[in-house]
Amino acid sequence: MAKGLPTRAENYSEWYNEIVKRAGLAENSAVRGCMVIKPYGFAIWEKMQRALDDMFKETGHVNAYFPLFVPKSFLEKEEEHAEGFAKECAVVTHYRLKANPDGKGLIVDPAAKLEEELIVRPTSEAVIWNTYKNWIQSWRDLPLLINQWCNIVRWEMRTRLFLRTAEFLWQEGHTAHATEQEAVEEAERMLEVYATFAEQWIGLPVIRGVKTPNERFAGAIETYCIEAMMQDGKALQAGTSHFLGQNFAKAFDVKFVNKENQLEYAWATSWGVTTRMIGALIMAHSDDNGLVLPPKLAPIQVVIVPIYKSPEDLASISEKVAPIVDELKAAGISVKYDDDDQQRSGWKFAEYELKGVPVRLGVGMRDLEAGTVEVARRDTLSKESRPLEGIVDHVNGLLDEIQANIYKKALAFREENTFRVDTWDEFKEQIEKGGFISAHWDGTAETEEAVKNETKATIRCIPLNAAAEAGKDVYSGKESARRVIFARAY
RNA sequence: CGGGGCGUAGCACAGCCUGGUAGUGCGCACGGUUUGGGACCGUGAGGCCGCAAGUUCGAAUCUUGCCGCCCCGACCA
């Protein structure tokens with residue numbers, strides 16, 4: 001076990017916080033509620049960005065950039081949207097500071113008050129649809145498929161590294177379409193992109209679903225989501241995709257002329273995933289020794305640690321290892337040969353385990369003589385001695401195996417902790433133990449609210465693949481057509 | 001914004017109750033011995049004790065007021 005790292009069983013949230021800090025992913029900043037993403041954490045984000053961006057491009061999207069500031073009047077235009085975000089907005093009121101006449105330091109120059117306040121974007125629908133108004137005239141201008149990578153600010157009272165901070169990084173896709181059907185298909189397509197990314201890259205099984213009206217994005221007609229289970233049995237929303245109908249087109253007067261020469265409002269979607277996915281990755285796979293990274297997102301996939309006594313030994317190990325490093329690189333594997341003389345091998349083993357490096361190769365003098373290498377995998381913590389010959393192929397296969405294994409493990413965990421519940425007593429008992437509860441819901445906001453008040457559990461989603469099944473609401477006893485997923489959530 | 005806790009070296013903390021000018025561990029620097037799972041010994045550097053005012057001969061310690069951070073709740077990706 002890592003030195004002094006709290007265990008998941010002892011204190012799950014402290015375990016999480018410590019992993020984030022000790023693995024060098026992020027730390028709290030001097031600015032309240034904001035985080036500093038450190039190089040190792042940012043490297044994971046860069047890998048996520050790369051993979052997602054490729055998927056966005058493959059589905060026909062292009063990147064652009066819109067301003068950080070949203071004039072208050074823009075935000076106001078779509079009423080529900082405005083209401084939903086109003087209570088968490090940072091507002092710019094002035095554009096200048098000046099020397100404090102009463103002493104040292106600076107004060108806000110009262111003479112430099114902005115005519116109209118600017119909101120630091122909590123999301124960009126308003127700015128973007130205000131822009132789209134000028135870009136869209138004809139059906140020939142559609143669909144408009146644009147994404148941007150940026151930061152946003154949502155003034156949170158209580159923050160946690162990666163999971164909830166006042167400022168965070170994300171991507172937001174904003175598309176405009178000529179027909180309702182096309183927009184709905186886009187929202188569903190992007191949800192599937194997210195689900196694929198979560199499952200195949202993060203190794204995180206997700207439930208695809210739609211939100212209840214209560215949980216919907218402010219201004220959306222339908223919110224699709226992917227929900228994942230963390231190791232403490234709580235749910236975490238890993239991505240959302242919205243069908244916005246014509247709400248924003250109407251608010252910003254975005255009309256186009258269709259093939260019949262008639263004016264119509266454009267149909268919209270928006271979709272986003274955030275740096276929160278890094279939190280999901282940590283909480284889904286890591287163990288009491290530290291981080292466990294899926295090979296596809298690991299900044300370092302393979303670390304090679306030389307084990308030696310004298311500088312001469314190190315030299316001969318380095319000589320033997322050099323071609324292997326080259327071969328691994330040639331095979332597209334990111335590898336680090338850690339010949340740093342400042343730290344001992346035992347220290348390095350522990351350190352790379354804490355950092356979640358999927359595969360570690362240990363090479364010592366004994367290996368040199370025997371033509372072997374010690375192969376250690378992070379996900380199972382198992383070690384074996386293998387012939388140096390053919391090691392690159394072996395590692396390549398091993399990375400795939402680890403990627404598959406951590407997904408399998410997470411899926412098995414979710415299945416073991418998902419319960420079909422049909423009585424209210426059972427519901428209350430189970431929710432205390434954690435996990436997902438699949439239960440009947442009568443479709444009313446009243447019941448949803450009552451369940452939340454009594455148990456802190458919310459409806460995470462109505463699964464897209466939910467089979468029609470007549471039943472009785474677990475709380476109210478009223479008629480229900482299908483089961484939904486209840487859980488306590490992050 | 002309500003309830004609780006905490007601000008002392010880069011980090012984690014002790015000292016405060018019972019006032020006398022600051023200590024431990026990790027880390028850091030140097031030297032040596034070590035090296036197949038977080039080495040050990042020795043020497044050394046490093047602090048306006050969150051800020052401000054008050055009490056006192058004297059304040060990290062007592063009083064008051066600020067500021068900041070963390071945890072628990074309501075809100076949220």
Side-chain angles (χ1 to χ4, degrees), chain A residues 1-6 11 13-14 17-18 21-22 27-34 83-89 122-123 151-172 194 211 214-218 220 223-228 235-242 270-280 289-290 305-311 313-314 317 340-355 360-370 372-376 381 383 385 452-453 456 458 460 488-490:
Chain A
M1 189 170 303
K3 209 197 261 171
L5 187 69
N11 188 338
S13 65
E14 202 180 320
N17 289 336
E18 284 298 312
K21 287 179 200 153
R22 292 200 204 187
E27 60 188 39
N28 283 308
S29 72
V31 184
R32 182 220 270 274
C34 297
E83 255 175 57
F85 284 103
K87 55 194 175 301
E88 50 185 352
C89 286
T123 179
N151 59 339
I152 58 176
V153 168
R154 295 182 186 174
W155 211 260
E156 296 293 342
M157 313 242 199
R158 251 191 91 193
T159 60
R160 291 193 67 192
L161 292 170
F162 290 119
L163 298 175
R164 173 158 303 111
T165 46
E167 181 194 14
F168 55 93
L169 305 182
W170 80 343
Q171 69 47 229
E172 47 180 328
Y194 290 158
K211 287 292 187 188
N214 254 341
E215 302 271 332
R216 232 175 244 157
F217 175 77
T223 288
Y224 300 83
C225 63
I226 51 174
E227 292 284 331
L236 185 126
Q237 179 178 304
T240 53
S241 173
H242 315 289
S270 68
W271 27 274
V273 292
T274 76
T275 37
R276 180 184 238 199
M277 286 191 303
I278 297 173
N289 291 290
V305 178
I307 299 147
Y308 61 95
K309 293 196 170 81
S310 66
D313 288 355
L314 175 59
I317 292 168
D340 181 357
D341 194 35
Q342 305 300 304
Q343 234 65 50
R344 295 152 51 107
S345 53
W347 190 92
K348 291 177 187 174
F349 294 169
E351 185 66 11
Y352 290 112
E353 262 159 31
L354 181 62
K355 294 197 153 206
R360 184 184 74 236
L361 303 181
V363 182
M365 294 310 285
R366 294 209 298 265
D367 291 302
L368 247 49
E369 276 160 38
T372 58
V373 54
E374 184 188 74
V375 182
L381 291 169
K383 289 195 291 200
S385 189
K452 185 178 175 184
N453 289 339
K456 291 179 196 158
T458 50
R460 299 322 303 157
R488 287 185 181 155
Y490 277 97

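All figures in this text were calculated on a predicted structure; none of them were measured in a lab. Here is the naming used below: chain letters follow the sequence lines, and residue numbers restart at 1 for every chain.
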Nearest-angstrom distance from the residue atom [atom1] of [X] to [atom2] of [N]:
X        : N     : atom1 : atom2 : value
A/Arg216 : B/C75 : CZ    : C1'   : 20 Å
A/Phe85  : B/C75 : CZ    : C1'   : 13 Å
A/Ile317 : B/U35 : CD1   : P     : 14 Å
A/Asn289 : B/G38 : CG    : P     : 13 Å
A/Leu5   : B/A12 : CG    : P     : 16 Å
A/Glu18  : B/A12 : CD    : P     : 10 Å
A/Arg344 : B/G37 : CZ    : C1'   : 10 Å
A/Trp347 : B/G27 : CH2   : C1'   : 11 Å

Pick the nucleotide of RNA chain B nearest each of A/Gly84 and A/Val363; which residue has the one closer to the 5' end?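 In this pair, the answer is A/Val363.
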On RNA chain B, check which nucleotide each of A/Glu167 and A/Ser13 is closest to and give me the residue with the more 5' one.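 That would be A/Ser13.
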Report which part of the nucleic acid [X] touches: base, sugar-phosphate, or nothing (heavy-atom distance under 4.0 Å, all strands).
X        : answer
A/Met277 : nothing
A/Lys211 : nothing
A/Thr165 : base
A/Gln237 : sugar-phosphate
A/Tyr490 : nothing
A/Gln343 : nothing
A/Leu163 : base

From [options], nucleotide with atom closest to [X] side chain:
X        : options             : result
A/Arg360 : B/G38, B/A39, B/G37 : B/G37
A/Lys456 : B/U35, B/A74, B/G38 : B/A74
A/Asn17  : B/C71, B/C75, B/G36 : B/C71
A/Lys87  : B/C75, B/G38, B/U35 : B/C75
A/Arg366 : B/G36, B/C75, B/A74 : B/G36

A/Thr372 and A/Arg366, any side-chain heavy atoms less than 4.5 Å apart: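 A/Arg366 vs A/Thr372: side chains apart.
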4.5 Å side-chain heavy-atom contact, A/Thr123 and A/Glu172: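 Touching, per the 4.5 Å side-chain cut-off.
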How about CH2 on A/Trp170, more than 12 heavy atoms from neighbouring residues, nucleotides or ligands closer than 6.0 Å, or not?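 Yes.
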Rounded to whole angstrom, note down the [atom1] distance from [N] over to [M].
N     : M     : atom1 : result
B/G50 : B/G5  : C1'   : 16 Å
B/A59 : B/U55 : C1'   : 10 Å
B/G25 : B/U64 : P     : 35 Å
B/U56 : B/C48 : P     : 28 Å
B/A29 : B/G36 : C1'   : 29 Å
B/U35 : B/C70 : P     : 44 Å
B/G15 : B/C49 : C1'   : 10 Å
B/G65 : B/G23 : P     : 32 Å

After noting the C-alpha distance and the side-chain angles of A/Tyr224 and A/Phe217, does the key distance pass the ring-ring contact (aromatic ring centres under 6.0 Å, His included) rule? CA-CA 9 Å; A/Tyr224 300 83; A/Phe217 175 77; over 10 Å; no
Donor-acceptor pair present, A/Glu353 side chain and B/G37 base, under 3.5 Å: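 Under the 3.5 Å cut-off, the side chain and the base do form a donor-acceptor pair.
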Can you find a donor-acceptor N/O pair under 3.5 angstrom joining the side chain of A/Lys348 to the base of B/G36?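 Between B/G36 and A/Lys348, which were checked side chain against base, a qualifying N/O pair under 3.5 Å is absent.
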Which heavy-atom pair separates [X] from [Y] by the least distance, and what is that distance?
X        : Y        : value
A/Tyr308 : A/Asp340 : OH-O, 4.1 Å
A/Lys348 : A/Gln343 : CE-O, 3.3 Å
A/Ala238 : A/Val273 : O-CG1, 3.6 Å
A/Ser345 : A/Val305 : CB-CG1, 4.1 Å
A/Ala280 : A/Leu236 : CB-CD2, 3.5 Å
A/Gly279 : A/Phe162 : N-CB, 3.9 Å

Do the side chains of A/Glu351 and A/Arg344 get close enough for a salt bridge, i.e. N-O under 4.0 angstrom?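 Judged by the 4.0 Å cut-off on N to carboxylate O distance, A/Glu351 and A/Arg344 do not form a salt bridge.
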Can you check nucleotides 66-69 of chain B for protein contacts, nitrogen or oxygen pairs under 3.5 Å, and list what you find?
residue : atom : partner : partner atom : Å
B/C69   : OP2  : A/Arg32 : NH2          : 3.2

List in chain and number order the residues that pass salt bridge (Lys or Arg N to Asp or Glu O under 4.0 Å) with A/Glu18, two or more places apart in sequence or in another chain; answer none if no residue qualifies.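 Listed in chain order: A/Arg22.
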Sort by first number and list every stem of RNA chain B: at least 3 consecutive Watson-Crick or G-U wobble pairs, both distances under 3.5 Å.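 Output for stems: B:1-7 with B:67-73, B:10-13 with B:23-26, B:28-33 with B:39-44, B:50-54 with B:62-66.
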